[in-house]
> 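Supplied in structure tokens, the structure appears directly below.
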Amino acid sequence: MFNLNTFLATVQIDNPAFKNWAVTSSLDPLIKELKTNTWATAPGKARIERIIAFLPHAKKARYSRSLAYLHLQLQVSIGAIPANTVMKFDAFRVMRGNYKGYKTSGESKIVPLDERTVGSPGPSSFIHRHTLTWSSSDGSVASLGQVRTREYVKFLTDTQAPPFNVIQDPDREFYAPGTQGATGQTSGIDDHSTKLPSLICVYPRQAGLLQAEQKYQYSVDNGTTWVDMDNGQFLLEKKVRQVGNDWVFSFKKTNWAPHNKKSFHFEVEYTVGPLPEYLPRTEADYNKGMEYAGDIKQYARRVIATG
């Protein structure tokens with residue numbers, strides 16, 4: 001059973017000079033929270049864990065007995081969590097592959113997806129590589145060694161419904177690198193790739209919008225409970241619209257206010273282009289191929305923002 005006086009006595013054992021000279025201590029926020037007697041509630045426990053997470057690593061070492069007492073009596077985590085997240089657009093790449101295409105008559109052939117090849121409709125995919133980095137809340141990267149992290153994306157509507165078709169990636173909800181995430185990470189890469197717009201946009205072309213919510217999450221209990229990282233939430237948008245005589249496909253990624261207060265804006269547009277003579281029938285017909293470095297300005301109709 002937790003007892004505040006026992007905790008304070010343990011603090012004195014950890015640091016016999018506790019407040020002998022200094023008026024304040026790094027433990028003051030923790031002690032103040034413990035005095036509220038809300039530590040038995042879920043919100044109270046969460047506040048205590050967060051305060052402990054941001055204690056400097058050296059202070060955690062000094063007050064190791066005291067924190068071990070809290071861990072034992074309150075079942076709170078005494079580790080660190082990801083902090084100071086920063087999202088950045090890192091690179092643009094293209095993929096070159098092929099697909100099995102069919103004419104309306106049923107005739108088929110392998111169509112190259114390589115803009116360097118005569119007759120090709122273009123590369124197979126455009127990759128907008130983003131990286132989210134974070135640091136340890138207590139200042140020590142080693143403290144994140146057992147912390148699991150993952151990316152969670154949820155599209156709000158069917159990804160293969162108009163303005164897109166069945167060649168568009170079908171996954172409506174997914175985790176990366178998986179539901180259990182990975183341990184000891186300090187960054188996560190988002191490729192945000194899109195297949196060639198002329199092939200994934202429904203024909204006849206239609207205007208429309210596909211939106212998704214993206215969250216970076218962490219777990220300090222081996223994947224049992226997941227918590228959103230501070231400023232790790234983003235909104236994704238794939239849009240098709242008509243501009244003059246052209247159909248335009250755009251991809252946009254922004255911070256998800258008010259969950260994420262750090263401003264971020266990436267947005268790029270591509271001309272959809274004409275419908276190829278030979279078309280894939282299913283996603284299985286589509287081979288993305290290999291990726292290569294590219295210049296986004298060479299392929300994009302317009303680069304609106306890069307961060």
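In this chain, residues are counted from 1 in sequence order. Quick caveat: nothing in here was measured; it's all calculated off a predicted structure.
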> In terms of hydrophobic clusters joined by side-chain contacts under 4.5 Å, are Phe92 and Leu113 together?
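Same hydrophobic cluster.
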> Quick one: which of His128, Lys238, Lys253, Arg129 gives a side-chain hydrogen bond (donor to acceptor under 3.5 Å, both in side chains) with His192?
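So the option named by the test is Lys253.
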> For residues Ser135 and Asn84, is any side-chain donor paired with an opposing acceptor at under 3.5 Å?
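Yes, Asn84 and Ser135 have a side-chain donor paired with an acceptor closer than 3.5 Å.
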> Side chains of Arg301 and Phe249, heavy atoms from C-beta outward: is any pair under 4.5 Å?
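Not touching, per the 4.5 Å side-chain cut-off.
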> Would you say the side-chain atoms of Asn165 pair up with the backbone N or O of Leu199, donor to acceptor, closer than 3.5 Å?
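Side chain of Asn165 to backbone of Leu199: a pair is present.
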> Under 3.5 Å, is there a donor-acceptor pair between the side chain of Asp114 and the main chain of Arg116?
yes
> Mind checking the NE2-CG spacing from His265 to Leu235? Nearest 0.5 Å is all I need.
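CG of Leu235 is found 11.5 Å from NE2 of His265.
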> Is Asp285 reaching over with its side chain to a backbone N or O of Arg281, donor-acceptor style, under 3.5 angstrom?
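Yes, because the side chain of Asp285 sits within donor-acceptor range (under 3.5 Å) of the backbone of Arg281.
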> With rounding to the nearest 0.5 angstrom, report the CD to CZ distance, Gln12 to Phe7.
11.0 Å
> Heavy atoms, side chains only, cut-off 4.5 Å: are Gln214 and Leu132 in contact?
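When only atoms from C-beta onward are counted, Leu132 and Gln214 do not touch, as no gap falls below 4.5 Å.
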> With a 4.5 Å cut-off on side-chain heavy atoms, are Arg50 and Ile81 touching?
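Yes - at least one pair of side-chain heavy atoms lies under 4.5 Å apart.
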> Evaluate Tyr286 against Leu196 for side chain to side chain contact (heavy atoms under 4.5 Å, CB included), listing each step before the verdict.
CA-CA 10 Å; Tyr286 204 96; Leu196 191 65; 3.7 Å; yes
> Before you tell me yes or no, could you show the steps for Leu74 and Lys45 under side chain to side chain contact (heavy atoms under 4.5 Å, CB included), namely the whole-Å CA-CA distance, both residues' side-chain angles and the distance that decides it to 0.1 Å?
CA-CA 8 Å; Leu74 303 182; Lys45 178 180 176 181; over 6 Å; no
> May I ask you to decide if Thr85's main-chain N or O and Lys262's side chain share a donor-acceptor pair within less than 3.5 Å?
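The answer is yes, because a donor-acceptor pair under 3.5 Å joins these two groups.
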> Where do Trp247 and Ala207 come nearest, in terms of heavy atoms and distance?
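What the structure gives for the nearest pair is CZ3-N, 3.5 Å.
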> What is the minimum heavy-atom distance between Lys100 and Ser108, and which atoms define it?
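Scanning both residues, the minimum pair turns out to be CE-OG, 3.9 Å.
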> Is there a path from Leu156 to Val153 through hydrophobic residues (I, L, V, M, F, W, Y) whose side chains come within less than 4.5 Å of each other?
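Different clusters.
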> Can you give me the closest heavy-atom contact between Ser77 and Glu49, atom names plus distance?
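That would be N-OE2, 2.8 Å.
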> Taking Asp246 for its side chain and Val248 for its backbone only, find out whether a donor-acceptor pair lies under 3.5 Å.
no
> Taking the inter-plane angle between the rings of Tyr270 and Phe126 on a 0 to 90° scale, is it parallel (under 30°), tilted (30 to 60°) or perpendicular (over 60°)?
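Plane angle under 30°, so parallel.
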> Between Leu210 and Phe164, what is the shortest heavy-atom contact and its length?
CB-CE1, 3.8 Å
> Salt-bridge test for Glu283 and Lys195: reply yes if a basic N is under 4.0 Å from a carboxylate O, no otherwise.
yes
> Rounded to the nearest 0.5 Å, how far does CG of Asn231 lie from OG of Ser263?
11.0 Å
> Give the cluster check for Phe234 versus Val86: same hydrophobic cluster or not, with ILVMFWY residues linked at side-chain heavy-atom distances below 4.5 Å.
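Result: no, two separate clusters.
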> Grab the two heavy atoms, one from Lys60 and one from Ile78, that are nearest each other, plus how far apart they are.
NZ-O, 3.7 Å
> With side-chain hydrogen bond (donor to acceptor under 3.5 Å, both in side chains) as the test, pick out the partner of Tyr63 among Asp14, Asn15, Thr10.
Asn15
> Please determine, by modelled atom types, if Thr225 and Asp221 share a side-chain donor-acceptor pair under 3.5 angstrom.
yes
> For the OH atom of Tyr203 and the OG atom of Ser198, what is their distance to the nearest 0.5 Å?
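It comes to 12.0 Å.
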> So, Asn255 side chain and Phe264 main chain: donor-acceptor pair closer than 3.5 Å or not?
yes
> Please tell me whether Tyr152 and Glu213 have a donor and an acceptor in their side chains that are separated by less than 3.5 angstrom.
no
> Please confirm whether the backbone N or O of Ser143 pairs with a side-chain atom of Ser136, one donor and one acceptor, at under 3.5 Å?
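Not confirmed, Ser136 side chain does not pair with Ser143 backbone.
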> I would like to know whether Tyr216 and Asp190 meet side-chain hydrogen bond (donor to acceptor under 3.5 Å, both in side chains); could you show each step before the answer?
CA-CA 11 Å; Tyr216 272 90; Asp190 295 330; 2.8 Å; yes
> Atom NE2 of residue position His71 - does it have more than 12 heavy atoms of other residues, nucleotides or ligands inside 6.0 Å?
no
> Are the side chain of Thr159 and the backbone of Arg172 linked by a donor-acceptor contact shorter than 3.5 Å?
no
> For a salt bridge (Lys or Arg N to Asp or Glu O under 4.0 Å) check, start with the C-alpha distance between Glu115 and Arg96, then their side-chain angles and the critical distance, and finish with the verdict.
CA-CA 8 Å; Glu115 75 284 9; Arg96 298 184 175 117; 2.8 Å; yes
> With a 3.5 Å cut-off and no angle check, do the side chains of Gln180 and Tyr175 form a donor-acceptor pair?
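No - no donor-acceptor pair under 3.5 Å links their side chains.
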> Under 3.5 Å, side chain of Ser124 to main-chain N/O of Met95, donor-acceptor pair present?
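It does hold such a pair.
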> Donor-acceptor pair, Glu291 side chain versus Val94 backbone, under 3.5 Å?
no
> Taking the six-membered ring for Trp, are Phe2 and Tyr69 parallel (under 30°), tilted (30 to 60°) or perpendicular (over 60°)?
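Ring orientation of Phe2 relative to Tyr69: tilted.
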> Measure the shortest side-chain to side-chain distance between Val240 and Arg205 over non-hydrogen atoms and say whether it is less than 4.5 angstrom.
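When only atoms from C-beta onward are counted, Arg205 and Val240 do not touch, as no gap falls below 4.5 Å.
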> Is Asp295 salt-bridged to Lys297, going by a charged N under 4.0 Å from an acidic O?
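Here Asp295 does not pair with Lys297 in a salt bridge, since their nearest N and O are not under 4.0 Å apart.
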> Can you confirm whether Leu209 sits close enough to Glu237 that some side-chain heavy atom of one is under 4.5 Å from a side-chain heavy atom of the other?
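In short, these two side chains touch, coming nearer than 4.5 Å.
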> If you draw a 6.0 Å radius around NZ in Lys154, do more than 12 non-hydrogen atoms from other residues or ligands fall strictly inside?
no
> Answer with yes or no whether the hydrophobic clustering places Phe251 together with Val303; edges join I, L, V, M, F, W, Y residues whose side-chain heavy atoms lie under 4.5 Å apart.
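Hydrophobic grouping puts Phe251 with Val303.
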> Does Ile200 form a side chain to side chain contact (heavy atoms under 4.5 Å, CB included) with Thr194? I'd like the steps, not just the answer.
CA-CA 9 Å; Ile200 62 171; Thr194 180; 3.6 Å; yes
> Where do Trp256 and Lys215 come nearest, in terms of heavy atoms and distance?
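So the minimum-distance heavy-atom pair works out to CZ3-CE, 3.7 Å.
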> Identify whether the distance between the nearest side-chain nitrogen and carboxylate oxygen of Glu269 and Arg241 falls below 4.0 Å.
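Salt bridge present between Glu269 and Arg241.
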> Calculate, to the nearest 0.5 Å, the distance between atoms NZ and CD1 belonging to Lys35 and Ile31 respectively.
6.5 Å
> Using a 6.0 Å cut-off, check whether atom NE2 of His259 has over 12 heavy atoms from anything other than its own residue.
yes
> Can you hop from Val227 to Val147 via hydrophobic side chains spaced under 4.5 Å?
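Result: yes, single cluster for both.
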> Tell me, with the steps shown, if Asp171 and Phe155 meet side chain to side chain contact (heavy atoms under 4.5 Å, CB included).
CA-CA 8 Å; Asp171 293 337; Phe155 283 93; over 6 Å; no
> Starting at CG of Leu34, measure out to CD1 of Ile51 and round the result to the nearest 0.5 Å.
7.5 Å
> Under a 3.5 Å threshold, yes or no: a donor from one side chain and an acceptor from the other, between Glu33 and Thr38?
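A pair is found: one side chain offers a donor N or O, the other an acceptor, under 3.5 Å apart.
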> Can you tell me how the ring of His130 sits relative to the ring of Phe266, calling it parallel under 30°, perpendicular over 60° and tilted otherwise?
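The arrangement is perpendicular - the two ring planes meet at more than 60°.
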